[in-house]
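Following: one structure in structure tokens, then a few remarks.
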Amino acid sequence: MTDTGIGARVARKEDQRFIMGKGRYVDDIHLPRETYAYFLRSPHAHAKIDAIDTRAAQAAPGVLAVLTGEDAAADKIGGLICGWMIHSMDGSPMRAGPHPVLAQGKVRYVGDHVAVVVAETLAQAKSAAELIDVSYTELDPVVDPADAPGGKSLVHDGIERNTVFEWSLGNKDATDAEFAKAAHVTKLEFRNNRLIPNAIEPRAAIGAYDPAEEHFTLYTTSQNPHVARLVISAFVGIAPEHKLRVIAPDVGGGFGSKIFIYAEEVVCLWASKRIGGRPVRWTAERSESFLCDAHGRDHVTTAELACDRDGKIRALRAHTIANMGAYLSTFASSVPTYLYATLLSGQYDIPQIYCEVDAVYTNTAPVDAYRGAGRPEATYVVERLVETAARELKIDPAEFRRRNFITQFPHQTPVIMAYDAGDYHASLNRALELADFNGFAARKAESSRRGKLRGIGYSTYIEACGIAPSAAVGSLGCGVGLWESAEVRVNPVGTVEVLTGSHSHGQGHETTFAQLVSDRLGIALDQVSIVHGDTDKVQFGMGTYGSRSGAVGMSAIAKALDKIEAKARKVAAHVMEAAEGDIEFRNGSFTVKGTDRKMGFGEVALAAYVAHKFPTSEIEPGLKEGAFHDPTNFTFPAGCHICELEVDPETGVVTIAKWTAVDDFGTLINPLIVEGQVHGGIAQGVGQALTEGAIYDEESGQLITGSYMDYCMPRASDLPSFTLGFVETRCPSNPLGMKGCGEAGAIAAPAAVMNALTDALGVRDLPMPATPQVVWEVASARQAAE
Ligand code: MCN
């Protein structure tokens with residue numbers, strides 16, 4: 001390992017500009033003659049639009065255009081799509097209601113896009129929006145997903161029972177048979193609370209139409225600019241792909257919420273053309289982000305675990321109602337299905353699993369992938385059941401897990417996934433050691449002396465990421481292939497530009513991707529630059545989500561580097577007049593075996609471009625190679641998180657005393673960055689467990705938690721210093737042996753917290769978020785009962 005190569009703890013290159021305030025985000029970009037868009041949003045959760053009178057707004061100072069859904073329909077602007085087809089148990093395709101970019105006939109959630117005003121200034125656009133007169137007939141909103149099928153009204157006319165699909169996975173009869181003969185059944189009912197993503201940078205878009213070239217440019221806060229271009233071009237129909245450039249510059253976090261194609265991006269492009277080509281810009285206010293960014297989770301689940309007399313798990317079954325919100329967002333249908341039920345085996349050898357998922361429409365913001373997407377929900381089901389079953393069977397929870405761990409690989413689960421590599425005993429054992437589990441009883445006694453309740457909880461999670469093999473996801477309904485592409489351009493002086501289809505918005509790709517190049521070519525880190533986020537520069541890409549940029553994106557770079565090395569060897573052989581087989585390449589130098597003849601990588605690069613010393617009929621000049629990488633399997637990061645916490649029964653305040661995480665991410669490219677990823681994920685998972693929860697008013701469908709006053713993000717002071725460790729089993733399905741790390745913390749953490757909290761309080765279950773009020777009520781009831 002070199003000090004900048006694979007495995008090195010290199011500080012993030014990109015942080016220099018971010019910390020100095022020199023990042024270039026969409027809102028920092030200003031184009032000549034730009035204008036401002038302001039969206040008039042629905043104040044109602046569910047209402048018929050009887051009429052929209054825009055005349056006063058059109059005449060207001062500075063206004064250039066006021067556009068509604070009727071205008072969009074007249075201009076043949078298509079609706080937004082959901083790109084993953086799910087079929088119900090009866091074989092029928094999912095029922096996707098129309099998703100217009102501006103409401104047509106009806107509004108379906110508070111914040112739904114009703115009209116846009118484009119004006120010379122933002123203030124003028126906002127003032128004019130107040131002059132738009134919309135006549136609504138209010139309809140009963142459908143708010144609670146559990147009630148949606150029997151709801152008072154239909155979110156989409158014609159979509160009966162508000163049901164998008166009724167899907168299942170696994171063998172029902174075989175699972176039921178195991179339950180029928182089980183010695184013990186543990187049953188839990190819970191809601192995986194609805195979350196609102198809160199990236200530091202709110203969403204923003206600038207649409208610019210060039211009438212001379214009939215060409216559009218979109219600057220947007222996207223995690224996947226090429227997919228945005230594909231959808232906006234092929235489905236929304238704004239322009240063919242070669243007439244649309246999408247640029248996602250520095251993006252300040254996304255956590256999934258910036259994967260999707262949103263109405264505002266389309267409207268800014270379309271409006272720019274409508275006003276003759278002046279750029280149209282929009283940046284979300286935080287309150288708009290709360291209302292309109294796709295939310296996450298929101299499952300209502302009943303789950304059961306069947307065990308035999310020896311504490312061996314025989315079967316798991318679950319029924320989940322998944323809230324999709326008012327419209328199917330870009331990848332929404334995949335989240336409660338193939339990203340959820342396929343992980344219900346956890347780290348355990350479970351002979352039978354059966355899961356049914358009813359996806360429903362409600363009059364709430366669309367729900368789609370949010371850090372972990374389906375896998376935190378699955379882990380929550382499995383790890384809460386396992387912990388509860390162990391307690392009921394009076395088996396130590398760690399021992400119960402050990403009895404049921406998968407130990408042979410590859411392991412085919414009953415729910416599609418084939419786990420390729422792992423060592424679950426190793427991560428549990430190491431975590432117990434690092435957490436000083438043996439000292440827990442003494443710490444608990446000490447807490448008790450201070451009147452506090454101490455608890456410990458595990459989450460031995462698994463996830464599937466590195467999304468994903470194209471043929472596999474295609475067979476499951478995905479509309480696109482999920483490979484990744486890369487191009488490595490070596491300049492004549494030996495510096496390197498890597499063009500990648502991955503998109504970094506906080507994950508440190510500019511550093512880790514450069515580390516791979518530094519390692520392979522033996523050149524300094526600052527000789528490498530990573531180019532991403534621009535469809536005119538990067539050949540193609542599928543973007544960043546599903547912790548795929550390492551396992552899939554970097555694998556594409558590794559393949560391109562193989563080609564670079566192969567060609568450079570040929571060039572070196574000609575220049576040094578040696579047989580290609582005698583060329584060795586190590587630490588940035590090409591040498592001829594058994595001689596002192598030697599060329600540096602930069603010299604070979606120059607020779608490749610000068611092209612004097614080799615037959616160009618056999619070897620093309622230049623040194624530039626591209627590659628696409630399609631993985632052969634998902635990657636399966638897994639590990640053990642242990643949360644130790646203390647409850648103050650007087651106030652309900654929960655203090656996390658200790659957090660230990662031992663994760664297996666295969667080969668670590670940069671442990672420092674990986675640790676940062678784990679930290680962030682744990683913080684989000686703790687937020688889900690203890691503080692965060694989106695709440696809509698049942699009667700009106702208004703978002704009650706619409707600002708930071710009501711929606712509580714975890715703060716640094718809510719978290720301890722984390723103790724991290726790693727187990728390393730190489731992933732066999734990519735050349736680097738990597739598994740994704742970007743979501744693990746958020747997947748593992750909620751179950752660890754709730755297992756610890758139920759342990760501390762001596763209760764079977766507790767709802768998330770377990771706010772001080774929830775905890776205080778439970779603690780008080782317990783004390784009253786004692
Ligand atoms: N890495 C490594 N060794 C490994 C695995 C990964 O050094 N064995 C490095 C990678 O090279 C990369 C980083 O760790 O620099 C994360 O890699 P990976 O797990 O492949 O995840 P992605 O880069 O694809 O990022 C996506 C993931 C997801 S799905 C969400 S959601 C998320 C996350 O990353 N959103 C984030 N982390 C985030 N971090 C920030 N700051 N902001 C977000 O929006």
Side-chain angles (χ1 to χ4, degrees), residues 23 25-28 36-43 45 80 99 101-102 107-114 116 122 125-126 129 193-206 218-224 228 248-268 281-298 323 325-327 329-332 363-371 373 505-506 545 680 683-684 687-688 691-696 701-715 746:
Y25 300 89
V26 173
D27 197 57
D28 295 323
Y36 291 80
Y38 181 78
F39 286 84
L40 180 71
R41 296 180 184 277
S42 169
L80 301 174
H99 191 175
V101 292
L102 293 174
V107 285
R108 295 187 173 85
Y109 68 100
V110 175
D112 205 352
H113 312 70
V114 176
V116 66
L122 181 59
K126 270 188 179 182
N193 43 327
R194 185 178 178 114
L195 301 178
I196 301 180
N198 275 288
I200 292 179
E201 183 202 18
R203 285 192 299 115
I206 305 171
L218 173 67
Y219 297 85
T220 182
T221 47
S222 174
Q223 298 178 214
N224 47 354
D250 284 333
V251 174
F255 307 107
S257 68
K258 293 173 183 166
I259 303 172
F260 323 124
I261 318 307
Y262 288 93
E264 293 89 352
E265 294 164 317
V266 173
V267 170
C268 285
R281 61 185 301 125
W282 168 81
T283 299
E285 294 177 6
R286 189 56 75 175
S287 54
E288 288 182 288
S289 305
F290 272 98
L291 285 176
C292 301
D293 287 4
H295 293 180
R297 320 279 194 255
D298 212 350
N323 193 351
Y327 301 101
S329 171
T330 318
F331 286 112
N363 292 113
T364 62
V367 180
D368 205 324
Y370 172 60
R371 200 171 195 173
H505 39 278
Y545 39 83
Q684 279 173 302
Q688 165 156 32
T691 66
E692 295 180 54
I695 296 169
Y696 283 91
Q702 294 291 329
L703 180 65
I704 296 173
T705 51
S707 80
Y708 290 127
M709 296 297 286
D710 305 296
Y711 188 90
C712 183
M713 296 292 288
R715 297 165 177 82

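Remember, it's a predicted structure, so these values are computed and weren't measured experimentally.
In terms of heavy atoms, Ala125 sits closest to Tyr36 at CB-O, 4.0 Å. Smallest separation of non-hydrogen atoms from Phe331 and Phe260: N-CD2, 4.5 Å. Contact between Ala129 and Leu40 at its shortest, heavy atoms only, is O-CD1, 3.9 Å. Nearest heavy atoms, Val116 versus Ala37: CG2-CB, 3.9 Å. Annotation for Ala373 and Ala369: closest pair CB-CB, 3.6 Å, computed over non-hydrogen atoms. Taking every heavy atom of both residues into account, Gly325 and Val367 meet most closely at N-CG2, 4.1 Å.
Rounding to the nearest 0.5 angstrom, the gap separating the CZ atom in Arg194 from the OH atom in Tyr370 is 13.0 Å. Summarising the geometry, atom SG belonging to Cys292 is positioned 8.0 Å from atom CG belonging to Asp112; distances are rounded to the nearest 0.5 Å. Glu265 CD to Thr221 OG1: the interatomic distance, rounded to the nearest 0.5 Å, is 6.0 Å.
With a 4.5 Å cut-off on side-chain heavy atoms, Leu80 and Tyr262 do not count as touching. Annotation: side chain of Val267 is in contact with side chain of Phe39 (closest heavy-atom distance under 4.5 Å). A 4.5 Å side-chain heavy-atom check between Thr330 and Ile259 finds every atom pair outside the cut-off. For the pair Asn198/Tyr708, a side-chain contact is recorded, criterion being any heavy-atom separation below 4.5 Å from C-beta on. Using a 4.5 Å cut-off on side-chain heavy atoms (C-beta onward), Ile206 and Cys268 make no contact. Two residues are said to be in side-chain contact when any heavy atoms from C-beta on lie closer than 4.5 Å; Val110 and Leu703 fail this criterion. The shortest side-chain heavy-atom distance between Asn323 and Thr364 falls under the 4.5 Å cut-off.
Residues that satisfy the side chain to side chain donor-acceptor pair (under 3.5 Å) test with Ser42, not counting sequence neighbours, are absent from this structure. With sequence neighbours excluded, no residue forms a ring-ring contact (aromatic ring centres under 6.0 Å, His included) with Tyr219. Residues satisfying the salt bridge (charged side-chain N to carboxylate O under 4.0 Å, His left out) test with Glu264, not counting sequence neighbours, are Arg41, Arg203. Partners of Arg371 under the salt bridge (charged side-chain N to carboxylate O under 4.0 Å, His left out) rule, at least two apart in sequence or in another chain, do not exist in this structure. Under the side chain to side chain donor-acceptor pair (under 3.5 Å) criterion, Asp250 pairs with Arg17, sequence neighbours left out. Applying the side chain to side chain contact (heavy atoms under 4.5 Å, CB included) rule to Ser289 yields the partners Pro202, Ala284, Arg286, Asp293; only residues at least two apart in sequence or on another chain are considered. With sequence neighbours excluded, the residues that form a ring-ring contact (aromatic ring centres under 6.0 Å, His included) with Tyr711 are Phe290. Partners of Ser222 under the side chain to side chain donor-acceptor pair (under 3.5 Å) rule, at least two apart in sequence or in another chain, are Asn224. Under the side chain to side chain contact (heavy atoms under 4.5 Å, CB included) criterion, Ser287 pairs with Glu285, sequence neighbours left out. Looking at residues two or more places apart in sequence or on another chain, you find no ring-ring contact (aromatic ring centres under 6.0 Å, His included) involving His295. For the ring-ring contact (aromatic ring centres under 6.0 Å, His included) test, residues two or more places apart in sequence or in another chain that qualify with Tyr327 are His99, His156. Evaluation of the side chain to side chain contact (heavy atoms under 4.5 Å, CB included) rule for Asn193 yields Leu195, Gln688, Met768, Pro769 as partners, not counting sequence neighbours.
In terms of modelled atom types and a separation under 3.5 Å, the side chain of Gln702 and the main chain of Pro43 share a donor-acceptor contact. At distances below 3.5 Å, not a single donor-acceptor pair connects side-chain atoms of Glu692 with backbone N or O atoms of Pro714. When atom types are taken as modelled, the side chain of Asp710 and the backbone of Thr705 share no donor-acceptor pair closer than 3.5 angstrom. Here the side chain of Asn363 pairs no donor or acceptor atom with the backbone of Tyr109 at under 3.5 angstrom. Thr283 contributes no side-chain N or O that, together with a main-chain N or O of Ala204, makes up a donor-acceptor pair within less than 3.5 Å. Glu201 places no side-chain N or O within 3.5 Å of a backbone atom of Val251 that could act as its donor or acceptor partner. Remark: side-chain polar atoms of Asp28 are paired, donor with acceptor, to backbone N or O of Tyr25 under 3.5 angstrom.
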*Mind running side-chain contact (heavy atoms from CB on, under 4.5 Å) on Arg281 and Asp27 for me, showing each step along the way?*
CA-CA 8 Å; Arg281 61 185 301 125; Asp27 197 57; 3.3 Å; yes
